[in-house]
Structures are given as structure tokens and as C-alpha cells.
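One structure below.
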Amino acid sequence: MRRFAAVVALCLILALLSRAARRAAPPDPPVPEMIGEGIISTPDDELGGTITADGQTLYFEKSAAPHYLYILYESHLVNGQWSTPSVLPFSGQYRDTDPVLSPDGQTLLFASDRPVHGAVNGNDQHHFYIWSVSKTANGWREPQLLPGPVNDGFNQVFASISSNGNIYFASSRKTGHYDIFRTRFVDGKYQDAEDLGPDFNGPTIDSFEAFIAPDESFLLIGSFGRQESFGSSDIYISYNQNGVWSKPKNLGPVVNTPARDYSPRLSGDGKWLLYTSERRKSSAPRTAPYTYSEFVQESRGLYNGLGNLYRIPLDYVLRTTKP
């Protein structure tokens, strides 16, 4: 009887230890979810996804590789499925790229090489400038060149705005590399653009995206040449700690892969990290050479090395990267 009681007690102890170990173990990381497979994410090159706060409208772009044309699109969620995308009424003629919604969802910032009226000496260099377009009850107004120090004659390729009006953007104005800058909105006027400094910008780094959280608590960055890296463009995060920005940290292998991972944004409800990835379905090395038919099939498929849109819960990103 004593032996039986000892065995029962041991089993109870082992069960409690097992339960405690399961509780202590971190949860399995989420798997990035492709957005609109076959409708939004297709064998074409898609990037720059941004979703409204109600989750019903998606803005994104398609690129005619290699970068001959960028066109902005919208799609609507109907009965749980994304509708066939349509070209936004102000896009389709020039290279329009990097659409980013304002926190209130009423303004879309984007970069474009469309003509600039009143160019210096009448000579339009077709640089990328940041444009702004506002929603109306019936659609969209005409895009306007963003006033202030963001546009200064060099290429600007991405801009995002916080709830207090501060703008963060990527520009080649200083070194020819793409660096991250900020212009503060003070007393109704934008101040001179500030270089965010050596923790963000450097001679071996090109940062093409800088997405600021609405409350300015963190900054999402898409960069080539920044360390630590998984092999191509990766996504990083920096936290605002009492006005001082932490050194950008790689989001890790759940988000970043040996392929290009870039163009980060938050969904309008703040629950999702949206981004673009050129990842393959499997990163395992091939055990045999491609045949012609295999190569053609893969090059026409979803995982052909062109961009697709993904999302991952933001709480996972913040939980695994906060200092």
C-alpha cells in the first residue's frame, strides 16, 4: 500500500512539473500569414500594403520589375475575401510607390517621380518626391506635393507621419545613400530635417523605409547593409526611450529570411505588422538541379522571388524585441 501511494505521489509530482514546464516555455512563434493569396499576393511583384482601421480596405502597389513602373491599387474585403484590385484614380501614369496612411486614415502619403510644377530653371529632374492625397466622401482629391523640408531636390522614397504631425522619411540628400530623417511639426510649421544619427545611418547602410508608430513609441525600418542581417534587406525596430532612440534591432528569423524582407507598416487597428517578403516557400537547399519545366513552373508561381504581402501579430514583434 505504501509503495502504491509513493508511486501515485511521484506521478502527481511529475505531472505538476510537466505542467509548470509547459507554462514556463515560450509560446510557439506565429507563422507569417500571406495576405490575399492569389488575389492580392500573386506571381506579380506586390509591396507596400496598408490596411484601414476597420480592416475593410487595403492599399498597396504593384511593380513592373525591374522597377519600370509602380502603380497604386486598392482592394476591399467582401464576405471575408479581398476583391479584385483596382488602380487608385490618381495613379497609373508615373512611378507611384510607398503608400502610407496617416494615423487618422484620411491622408495617403506616397513617393512619385511625377512632374513637379515650377521646377528650378524649368528643369524637372524626375526625382522621387513625397506627395499627399486626401480622402473625400466621394473618393480622392488631387495629389499635392508635400510642403516643407521633406522634399529638397534629392530622392525621397518613403514617408510616414505620427499623430502629432512629425514626419519620418528616407532620403538620399546627405550622402547618396538612403538615410533616415525626421522633421518635427512645431507651432504649425515643419522644422528643418534632422539626420537620426549614426545608430541609424552609415556608409554601408541603405534604409528605404522608416515607419513611425502613431504615438512615436517605436520606429520600423527596412534596411540593406545593417547588422545583424539574415542576408538581404531586413526589418528592424527602434524604441523611443524617454526621447532617446534605441539602436535598431533585427526582428529575427520569423519575419526576416535570406530573401528580401521590407516595407513595414502597421494595420490601422494597430494589431498587425504588415510587410513585404520575397521569401521562397522553403529555404532548404535543393538536392538536384532544376529541370526546364520545374524552373518555368516556379518562376510563374507565388514564390518566384517577387514580393508578396504578409502580416504577423504586432504583439509578438513587441514582446520579442523590447529592450
Side-chain angles (χ1 to χ4, degrees), residues 34-52 56-78 81-102 105-119 123-147 150-151 154-161 169-170 208-209 211 222 260 262-265 267-268 274-276 278 300 302 304-310:
M34 185 181 287
I35 299 174
E37 182 174 340
I39 300 172
I40 305 299
S41 296
T42 73
D44 297 338
D45 189 32
E46 293 92 17
L47 62 150
T50 183
I51 296 177
T52 53
Q56 299 301 300
T57 303
L58 168 69
Y59 303 109
F60 69 105
E61 68 177 282
K62 282 179 176 282
S63 165
H67 317 296
Y68 291 127
L69 186 63
Y70 304 118
I71 297 178
L72 304 184
Y73 291 81
E74 66 178 327
S75 174
H76 302 279
L77 198 62
V78 179
Q81 188 174 38
W82 292 108
S83 65
T84 300
S86 58
V87 177
L88 284 168
F90 52 84
S91 190
Q93 183 176 0
Y94 305 103
R95 290 191 293 173
D96 300 329
T97 184
D98 294 329
V100 180
L101 270 178
S102 60
Q106 296 304 300
T107 301
L108 191 73
L109 301 179
F110 66 99
S112 179
D113 70 344
R114 61 185 57 207
V116 175
H117 298 296
N123 184 19
D124 186 353
Q125 299 295 320
H126 295 287
H127 288 149
F128 280 96
Y129 294 103
I130 303 300
W131 295 73
S132 170
V133 59
S134 299
K135 294 179 69 175
T136 70
N138 300 316
W140 297 89
R141 294 189 173 92
E142 283 297 312
Q144 301 293 320
L145 189 68
L146 196 68
V150 170
N151 294 313
F154 290 83
N155 286 312
Q156 285 65 233
V157 292
F158 190 104
S160 62
I161 186 168
F169 62 100
F208 290 96
E209 299 99 20
F211 182 90
R260 186 182 180 193
Y262 65 111
S263 202
R265 290 160 181 75
S267 58
L274 311 175
Y275 68 105
T276 302
E278 296 174 353
R300 294 175 179 173
L302 271 176
N304 59 0
L306 299 178
N308 292 311
L309 304 186
Y310 289 84

Does the Arg265 side chain pair with the main chain of Leu101, one donor and one acceptor, at a distance under 3.5 Å? no
Ser134 to Thr107 - nearest heavy-atom pair and separation: OG-OG1, 3.8 Å
For the side chain of Ser132 and the backbone of Leu146, is there at least one donor-acceptor N/O pair under 3.5 Å apart? no
What are the two closest non-hydrogen atoms of Leu58 and Ile35, and how far apart are they? CD2-CG2, 4.3 Å
Let me have the donor-acceptor pairs involving side chains of residues 86-93, under 3.5 Å, with sequence neighbours excluded, atom names and distances please.
{"unit_1": "Ser91", "atom_1": "OG", "unit_2": "Leu72", "atom_2": "N", "d": "3.0"}
{"unit_1": "Ser91", "atom_1": "OG", "unit_2": "Asp96", "atom_2": "OD2", "d": "2.9"}

Could you pull out all residues at least two apart from Tyr275 that satisfy side-chain hydrogen bond (donor to acceptor under 3.5 Å, both in side chains)? Arg279
Students often mix this up, so state it plainly: with edges at 30° and 60°, are the rings of Trp140 and Tyr59 parallel, tilted or perpendicular? perpendicular
Could you walk me through whether Tyr262 and Phe158 satisfy the side chain to side chain contact (heavy atoms under 4.5 Å, CB included) test, starting with their C-alpha distance in whole Å, then the side-chain angles of each, then the deciding distance to 0.1 Å, before giving a yes or no? CA-CA 12 Å; Tyr262 65 111; Phe158 190 104; over 6 Å; no
From Ser160 OG over to Ile130 CD1, what is the distance, rounded to the nearest 0.5 angstrom? 9.5 Å
Rounded to the nearest 0.5 Å, how far apart are CG of Leu145 and CG of Asn151? 4.5 Å
Below 30° counts as parallel, above 60° as perpendicular, anything between as tilted: where do the rings of Phe60 and Tyr73 land? parallel
Go through the structure and list residues passing salt bridge (charged side-chain N to carboxylate O under 4.0 Å, His left out) with Glu46, not counting sequence neighbours. Lys62
Heavy atoms only: give me the nearest Trp82-Ile40 pair and the separation to one decimal. CB-CG1, 3.8 Å
Using only atom types and a distance under 3.5 Å, with no angle test, would you say the side chain of Gln156 pairs donor to acceptor with the backbone of Phe154? yes
Donor-acceptor under 3.5 Å (Asp45 side chain, Leu306 main chain): no
Quick check: does any side chain N or O of Thr136 sit under 3.5 Å from a backbone N or O of Arg141, one acting as donor and the other as acceptor? no
Please give me the minimum heavy-atom distance between Ala170 and Glu209, naming the atom from each residue. CB-N, 4.4 Å
Taking all non-hydrogen atoms of both residues into account, name the closest pair between Gly48 and Pro99 and its distance. O-CG, 3.5 Å
Closest non-hydrogen atom pair, Phe110 against Pro143: CZ-CB, 3.9 Å
From Leu309 CG over to Leu47 CG, what is the distance, rounded to the nearest 0.5 angstrom? 7.5 Å
Sidechain-backbone polar pair: Asp113 side chain, Arg95 backbone, donor-acceptor under 3.5 Å: yes
Please examine the side chains of Pro43 and Arg300, heavy atoms only from C-beta on, and report whether any two atoms are closer than 4.5 Å. no
Rounded to the nearest 0.5 Å, how far does OG1 of Thr276 lie from OH of Tyr310? 10.0 Å
At what distance, to the nearest 0.5 angstrom, does CZ of Phe208 lie from OG of Ser263? 12.0 Å
Measure the shortest side-chain to side-chain distance between Trp131 and Tyr94 over non-hydrogen atoms and say whether it is less than 4.5 angstrom. no
The reported gap from OG in Ser83 to NE2 in His76 (rounded to nearest 0.5 angstrom) is 5.5 Å
